[in-house]
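I have placed the structure first, in the form of C-alpha cells, so that the comments after it can refer back to it.
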Amino acid sequence: MNLSAATLRALPESVQTPAYDRTSHAPGVVHLGLGAFHRAHQAMVFDQLLTGGDTRWGIHGVGMTRPDLVNQLRAQDGLYAVRVADGQGVKWQVPGALWRTNVAATERDAVVQAIAAPSTRWVTLTVTEKGYAPALGQLLLDGLRLRQQAGLPGITVASCDNLQGNGHKLLALVKAAATGQDADVLRWLDAQCAFPCSMVDRIVPAATPEVLAAAQEALGLQDHCALSTEGFWEWVIEDRFADPLDAALLQSAGVRVTSDVHSYEEAKLRMLNGSHTAMALMGAITGRPFIASCIGVPHIREFVYRLMGQEVAPHLSRSDWANYREALIQRFGNPYLKHSVHQIATDNSQKIPQRWPPSVLGQIAQGASFEHHALAAAVFVRYTLGVNEQGQAYPLNDPQAESLMALGGAQLTEPEACVRALLAREDLWGSALPQHAAWIARVIHWHQQILQHGVDHAVQQLTEA
C-alpha cells in the first residue's frame with residue numbers, strides 16, 4: 001500500500017498526521033518550486049497554521065519543470081513523510097498542507113489562474129538562484145494582471161531563495177516584464193501587493209533510497225516522496241505583507257518577522273552557504289560523499305571554523321554569529337543528513353558570487369588575511385577538472401559547465417594560466433577581485449599545493465600554520 005489520504009489512518013500513532021480537513025477549502029498559497037526544501041520547510045509552517053484552525057494556508061504547489069515529482073505527489077494526494085532527525089532523536093511527520101499541484105512548464109495557464117484565484121493570498125517561491133529569469137517575472141505578472149482586472153485584492157509575494165534582497169529582485173523582475181499597457185496593473189501592484197525579503201534556513205538533502213526505506217519501515221506504507229531533515233529551522237521575513245495581520249500569525253508558528261532581514265540573510269549566505277560550497281567542493285575532489293563525512297575530518301572542520309570566524313564574521317551585522325557558527329558545525333555533522341556534496345556543488349557559477357567575494361573584499365579593505373577563501377577558490381578551480389583524486393569522473397551540474405570545464409581542462413598542463421583565466425571571470429568574482437594581484441597570487445599558490453599534494457594536504461598546511 002502507498003501513502004495517500006485513504007491510508008492515513010493506517011499509520012502508527014507515533015507519526016504526526018494532519019487532523020484538519022484538506023478538501024473543503026481552496027488553497028490560499030501558490031508555491032512555485034516544489035522541491036524537497038519547500039516541502040520540509042514552508043509547507044510544514046503552513047501545516048502548523050492549518051493545524052491551529054486557520055484554513056487559509058493550504059498550498060497549490062507548482063513544480064517548475066519536473067512532471068515526475070508532481071505525478072508522484074498527485075498519486076499520494078499531496079502527502080509525504082518527513083523524518084526530522086538530530087541529536088535530540090528521530091520523529092516522523094506527514095504534513096498535509098499540499099492540496100493541489102501543477103507543472104509550470106506544461107500547465108502554465110493553470111498556474112496563472114491559481115495566482116489569480118480569489119482564495120489566493122500568498123505566492124511563495126523556491127525556484128533557486130538561476131530561476132530568476134524573465135519567464136518567472138512574466139508568469140507572476142500574468143497572474144497579478146488577472147487579479148487586478150477582476151477587482152481582487154493584492155497579495156504577498158515572498159521569495160524564499162538564497163538571494164540577497166530577494167524581495168526587491170523579484171519585484172524588479174515582475175516590473176521588467178510589464179509593457180506600456182500595464183500601467184494600471186503596476187499602480188495596483190505598488191498600492192496593494194507586498195514583496196517582502198526573507199531568509200530561510202533548514203538543511204534538506206535530496207531524498208535517497210535509505211530515506212525511502214526508513215519511511216517504509218516507520219510508516220508501514222510505501223512513500224515515494226519521503227524526505228529527511230534536521231530539527232533546526234529558521235524563517236526570517238520582512239514585516240511587509242498585503243495583510244498586516246499575517247505578521248502575528250506567522251510569529252505564532254515560529255517565524256521571525258523583522259525589519260532587518262539583511263543581517264540574517266548575509267550571515268546565512270556567507271557562513272552556512274559559503275562554507276557548504278567550500279566543503280562540497282573538497283568532498284567532490286577527495287571522494288567524500290556527504291557533508292557530514294567532510295566536517296568529520298578534523299582539518300576540514302578547523303578550516304570551516306576559521307573561515308567563518310576569521311574571514312566572514314568581521315563583515316556581518318548579525319550579532320550572535322558565534323552561536324550561529326557553533327550551531328552550524330553541529331548541523332553539518334548530523335549523521336542522519338546524507339547531504340550529497342555533488343548536490344551542494346550544483347550551480348556554483350550562480351552561488352559563488354553571492355557567497356565568497358563579499359567576505360574577500362571585506363578582508364582586503366581591512367588589510368586582513370583572505371587565505372581560507374583563496375584556498376576555497378583554488379579548490380573550485382581544481383573541481384572544474386571533473387575528476388576526483390581517485391581518478392573517477394563526475395559531471396559539473398552548472399549552467400556554465402561547458403565554459404568552466406573548457407577553462408579548467410588546461411590546469412594539468414598550464415596551471416597558472418588556467419587559474420588566471422578562471423579568476424578573470426567577472427560573472428564569478430565581480431569586477432574588483434579579477435584585478436587584485438595579491439588575491440590571484442594566493443589562489444595560484446594554493447592551487448599548486450592542491451595539484452602537487454592533494455586537497456587534504458593543502459587544508460592541513462593552512463590550518464596548522
Side-chain angles (χ1 to χ4, degrees), residues 273-288 294 299-300 303-304 307 311 341-342 344-361 363-364 369-463:
N273 300 130
S275 54
H276 240 179
T277 294
M279 276 190 287
L281 295 170
M282 289 175 184
I285 297 164
T286 59
R288 295 184 177 102
C294 296
H299 55 264
I300 295 181
F303 172 88
V304 169
L307 174 84
E311 297 183 22
V341 295
H342 288 287
I344 295 162
T346 58
D347 301 336
N348 281 311
S349 65
Q350 313 287 302
K351 295 171 175 175
I352 283 174
Q354 309 266 341
R355 300 179 178 189
W356 292 350
S359 299
V360 180
L361 292 169
Q363 290 293 91
I364 289 170
S369 166
F370 45 71
E371 289 295 300
H372 295 77
H373 280 92
L375 175 52
V379 173
F380 167 67
V381 175
R382 169 62 182 81
Y383 172 77
T384 63
L385 203 53
V387 180
N388 70 16
E389 290 175 351
Q390 289 76 41
Q392 295 164 318
Y394 50 78
L396 259 66
N397 191 344
D398 193 291
Q400 298 290 327
E402 208 174 310
S403 66
L404 291 173
M405 290 189 82
L407 292 172
Q411 63 189 287
L412 297 182
T413 50
E414 300 175 77
E416 186 169 327
C418 167
V419 175
R420 288 185 183 278
L422 278 165
L423 292 186
R425 290 186 55 152
E426 293 193 4
D427 61 328
L428 286 168
W429 309 104
S431 55
L433 286 180
Q435 315 299 324
H436 198 275
W439 160 253
I440 294 166
R442 295 316 294 162
V443 179
I444 288 170
H445 164 79
W446 288 116
H447 183 252
Q448 259 176 344
Q449 297 299 311
I450 289 166
L451 284 188
Q452 286 172 13
H453 306 292
V455 166
D456 281 326
H457 183 272
V459 175
Q460 275 177 302
Q461 204 182 336
L462 175 56
T463 56

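Computed from a predicted structure; not experimentally measured.
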Check your understanding: Do other residues, nucleotides or ligands put more than 12 heavy atoms under 6.0 Å from the CD atom of E402?
Key -> no
Exercise for review: Mark yes when over 12 heavy atoms from residues, nucleotides or ligands other than E414 sit less than 6.0 Å from its CD; otherwise mark no.
Suggested key: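 Open: at most 12 neighbouring heavy atoms sit under 6.0 Å from CD of E414.
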What's the spacing between [X] [atom1] and [Y] [atom2] if we round to 0.5 Å?
| X | Y | atom1 | atom2 | value |
| --- | --- | --- | --- | --- |
| I450 | F380 | CD1 | CZ | 12.5 Å |
| I344 | H276 | CD1 | NE2 | 4.0 Å |
| L396 | N348 | CG | CG | 7.5 Å |
| I352 | D347 | CD1 | CG | 11.0 Å |
| T384 | L281 | OG1 | CG | 10.0 Å |

**Study point:** Of E371, H447, H436, the residue whose pairing with R442 passes side chain to side chain donor-acceptor pair (under 3.5 Å)
**Key:** E371
Main-chain N/O of [Y] paired with [X] side-chain donor or acceptor, under 3.5 Å:
| X | Y | value |
| --- | --- | --- |
| D398 | S349 | yes |
| Q411 | G408 | yes |
| W429 | L422 | yes |
| E416 | I444 | no |
| E311 | S359 | no |
| K351 | T346 | yes |
| Y394 | G287 | no |
| Q390 | T286 | yes |
| W439 | P434 | no |
| T277 | G274 | no |

Practice item. Measure the shortest side-chain to side-chain distance between R425 and Q400 over non-hydrogen atoms and say whether it is less than 4.5 angstrom. Key: yes
Point to revise | Min side-chain heavy-atom separation Q449-L375 under 4.5 Å | key: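 The answer is no; the side chains never approach within 4.5 Å.
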Closest non-hydrogen atom pair, [X] against [Y]:
| X | Y | value |
| --- | --- | --- |
| P353 | P358 | O-CD, 3.9 Å |
| A280 | A345 | CB-N, 4.0 Å |
| L451 | P415 | CD1-CB, 3.8 Å |
| M282 | V455 | CG-CG1, 3.9 Å |

Review point. Any side-chain donor-acceptor pair under 3.5 Å between H299 and D456?
Key: yes
